[in-house]
Amino acid sequence: MNIAIVGTGYVGLVSGTCFAEMGNQVTCVDVDERKINKLLEGEMPIYEPGLDELVKRNVDYGRLKFTTELASVLNDVEVVFSAVGTPPDEDGAADLKYVLAVAKQFGQCLKKYTVLVTKSTVPVGTAEIVKEVIQAELDKRGVEIPFDVASNPEFLKEGTAIKDFMSPDRVVVGTASKRAAMIMERLYKPFLIQNMRVIFMDILSAEMTKYAANAMLATRISFMNDIANLCERVGANVDSVRKGIGSDSRIGQKFLYAGCGYGGSCFPKDVKALMHTAIENGIHMEVIEAVERVNEKQKGIVYDKLVMLVGDLKGKTVAMLGLAFKPETDDMREAPALVVIEKLVADGAKVKVFDPIAMDESRRRIGDKVQYCEDLYDAANGSDCLVLMTEWRQFRMPNWNVLRKCMVGNVIVDGRNIWNREELEELGFVYTRIGEK
């Protein structure tokens, strides 16, 4: 099939590349000429394991192309995916200006039946607005050209996005058109060859599904962080509690790990947008509002524990391991590390940081507020204390004897609960973690 994908950010580039990998002819479109030129030169605008090799292979085979002009390819494709950003407004609502700009251009350039599929995460009811924008443009042109709109929310996890796309748990498609449904089923069939897991539903339900899924996962995280904080007060161990409740098949093991809060491009934005949608419709989602409050508070827990153990941080040197909101990505949007850095710098502490991937992104975001280090040992050298913010694999088993010698102090705050208390205390470290007294 011939398809176009508008937006070469995380969702658009991964989706387009994976569609091309299955033999489709894909054109990725972006108004950012600089980004398109970099892609044409083989430079990735995002970090995702394995993506650069996959892009190169499909470009070399001629299945994946890049352009700044949707009009140049619209006449040749059956489906256009809209995967542009929907950044939050100040009140938490999703900003639809890019989504509606795609719809407007689609209507201005449409020449034959084509399906416009929204892959961006958008508020419930957006598809109807998109449809109205397209029809208004057709009316201005004085033409009657059939088209359909559909919703196909993405469920990709940063760090495993290619695997998630190539072997999805499910594909959700919202459409009122049998013709569009047949096209979408044909497009996704190669990905689901062993078990057709395309779930068709109305568009409103598809739009709601994405928000509900992310809000549910965020709820599990905030719930376990609340439990962890109570465990500390009463003397229980949150890891034991996690195993105890996770063994219940009705609950399961996933997203039950206590830590220093969630971040990234999805959970914070989608929780806020869902809350805003509810308020617009006269409802307060009290559970979801609590989820956000708990998470915002939890982002500062590593700092709080550091103050409790060290006291005044002015003049102290703090080594920070991890900057990205999770491993296997350079994404620092809403990352807990940013909150802790801000608090430490405000207290007059010197912050030395290391992250395997996110150092350039950190420089772009916060400049020289912190000292960037070559590795975890460089960060720890001369430090009074060490904090873990991201559970990268290379941080799981450091040489603690080397760290003990190169650190000036001995305080360690484990914000992701990956290290062993007994081992560290035997070496003379003062160690604390989340959800354990």
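What you are looking at is a predicted structure, and each value in this text was computed from that prediction instead of being measured.
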Original post:
Do the ring centers of F19 and F191 come within less than 6.0 Å of each other?
Top reply: yes
Is the shortest heavy-atom distance from the side chain of [X] to the side chain of [Y] under 4.5 Å?
{"X": "V73", "Y": "V80", "value": "no"}
{"X": "L386", "Y": "L321", "value": "yes"}
{"X": "V408", "Y": "S383", "value": "no"}
{"X": "K56", "Y": "D52", "value": "no"}

Subject >> Ion pair E41/K38, N-O distance below 4.0 Å >> reply: no
Subject >> Residues K305 and E232 bridged, charged N to O under 4.0 Å >> reply: yes
**OP:** For residues 313-341, pull every pair meeting salt bridge (charged side-chain N to carboxylate O under 4.0 Å, His left out), keeping only residues two or more places apart or in separate chains.
**Re:** K299-E334, D331-R333
Original post:
Could you state the interatomic distance from CZ (R433) to CZ (R421), rounded to the nearest 0.5 Å?
Top reply: 7.0 Å
**OP:** Using the ring of F155 (Phe, Tyr or Trp, six-membered ring only), decide whether R170 places NZ or CZ under 6.0 Å from its centre and within 45 degrees of its axis.
**Re:** yes
**OP:** Specify whether W419 and W400 have parallel, tilted or perpendicular ring planes, treating 30° as the upper limit for parallel and 60° as the lower limit for perpendicular.
**Re:** perpendicular
Original post:
With a cut-off of 6.0 Å (strictly less than), are more than 12 heavy atoms of other residues, nucleotides or ligands near CE of M216?
Top reply: no
Original post:
Between K350 and T317, do the side chains contain an N or O donor and an N or O acceptor separated by less than 3.5 Å?
Top reply: no
Donor-acceptor contacts, no H, no angles, side chain residues 63-70, under 3.5 Å, sequence neighbours left out:
residue : atom : partner : partner atom : Å
R63     : NE   : A20     : O            : 2.8
R63     : NE   : N58     : OD1          : 3.0
R63     : NH2  : N58     : OD1          : 2.8
T67     : OG1  : E69     : N            : 3.2

